[in-house]
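Step one of this worksheet: look at the structure below.
For the numbers below, each heavy atom of this structure counts, side chains included, while hydrogens, waters and symmetry mates do not. Per chain, numbering begins at 1; letters A, B, ... match sequence-line order.
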2 protein chains.
Amino acid sequence: MSTTRQPSEESGVAAPRPRGTAFLLAQLGAHAAGRFAERVAALGLTPPDVGLLRMIATRPGLSQRALATELGVVPSRVVTLIDQLDGKGLVERRRSTEDRRNHALHLSADGQRVLAEIGTVAGEHEADICAGLDDAERAVLTGLLERIAERQGLTPGVHPGYRGMAKGRPR
Amino acid sequence: MSTTRQPSEESGVAAPRPRGTAFLLAQLGAHAAGRFAERVAALGLTPPDVGLLRMIATRPGLSQRALATELGVVPSRVVTLIDQLDGKGLVERRRSTEDRRNHALHLSADGQRVLAEIGTVAGEHEADICAGLDDAERAVLTGLLERIAERQGLTPGVHPGYRGMAKGRPR
DNA sequence: TATTGTTATACTCTATAACTATA
DNA sequence: TATAGTTATAGAGTATAACAATA
């Protein structure tokens, strides 16, 4: 193992190692997402679960269809995810009285407790990731990230991972 | 579709929408990774392909085993990935004369051309993601990101996505 | 006929384990 | 026996399409 780490004597191609801001963002983002996944796994949840719970808490009574649209996900996937959360007793499906095709989604009491735990975990996660930066630096960083996010047209609070993108399969 | 977007009248739980720096990093990172995947897909490549090509260019003659260790990936996966790149004529497997169990990996002439194209694409990607920030702001952002990356113990140039993490499956 | 939710199915990605060929 | 590479197989995650109930 271990050879010296030099810019290809063979190919003569210049430094192929990615060092740009965009790569750092992707690298750090994947790291942060992974760490967060580990933390919520301790609560028996996956990141998508957390996203659904938060969305339902914010907009109780939402239909599965609306949720799918909101998150940019296919309806059948919402079924699977809600099935699991329902099975754990965290969310309830209530048949709408007006249109009985609809399932109005609500957090159960347990769901609300779990949501509170998620908040705690998210705080720890935030502190971990930002460790080493003082308050001023965090503010600067957050400001710059928000500007990029807005410029890129990202919906606040919606992780692109829900959209099954970030794969890019050619051939 | 569309209800007013308010902090849960029902649950009484406070703002469940993630707004922290860590979430922004994950969100933006997934976005950047997705956009990059789209770009290299135009070259008929996936992001993992790009990672391997860059690593092989940097350290020609590397064995598949060493590559797997370097990237934190299981050897069988390297076989699959190299199979594809080999099939496209971008990399060559050369039996080592010293230890004939080894395959020394090298970029072909085509592989080097493709690597140059990757460089172009990466530059466009970088410009796209950082659009809206001036040079000084980019420098500040990059500096802060690098400090976090170092603090988190990330290996420069190695995307955690190679490690199959960022999944976090409980139950 | 159109829509909500569901089920059935298939495909991609990735890991584990068994196998071969060299050492 | 140990190691590099390979093949076989299985699992998780996610999408597409067909279906049932309701409108």
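Remark: A149(B) engages L24(A), L28(A), L154(B) in a side chain to side chain contact (heavy atoms under 4.5 Å, CB included) (not counting sequence neighbours). Applying the salt bridge (Lys or Arg N to Asp or Glu O under 4.0 Å) criterion to R147(B), with sequence neighbours excluded, gives E137(A). With sequence neighbours left out, the side chain to side chain contact (heavy atoms under 4.5 Å, CB included) criterion links R65(B) to S63(B), P75(B). With sequence neighbours excluded, the residues satisfying side chain to side chain contact (heavy atoms under 4.5 Å, CB included) with Q64(B) are V78(B), V79(B), I82(B), R93(B), H103(B), L105(B).
Distance L67(B) CG to dT6(D) P: 12 Å, rounded to the nearest Å. Rounded to whole Å, atom P of dA4(D) lies 13 Å from atom CG of L105(B). As a whole-Å value, the separation of R65(A) CZ from dT4(C) P is 5 Å. Whole-Å rounding puts the L81(A) CG to dA12(D) P distance at 15 Å. Here the C1' atom of nucleotide dA15(C) and the CG atom of L71(B) are 16 Å apart, to the nearest Å.
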Could I get a table of every N or O pair under 3.5 Å where one atom is in the protein and the other is in nucleotides 16-23 of chain C?
unit_1: dT16(C); atom_1: O4; unit_2: S76(B); atom_2: OG; d: 3.0
unit_1: dA23(C); atom_1: OP1; unit_2: R100(B); atom_2: N; d: 2.9

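Contact check on K88(A) versus D110(A) returns no salt bridge, with no Lys/Arg side-chain nitrogen under 4.0 Å from an Asp/Glu carboxylate oxygen.
Judged as a ring pair (Phe, Tyr, Trp, His ring centres under 6.0 Å), not a single pair has a partner in residues 62-91 of chain B (not counting sequence neighbours).
Contact annotation: R93(B) reaches the phosphate of dT6(D) (side-chain N/O to OP1 or OP2, under 4.0 Å).
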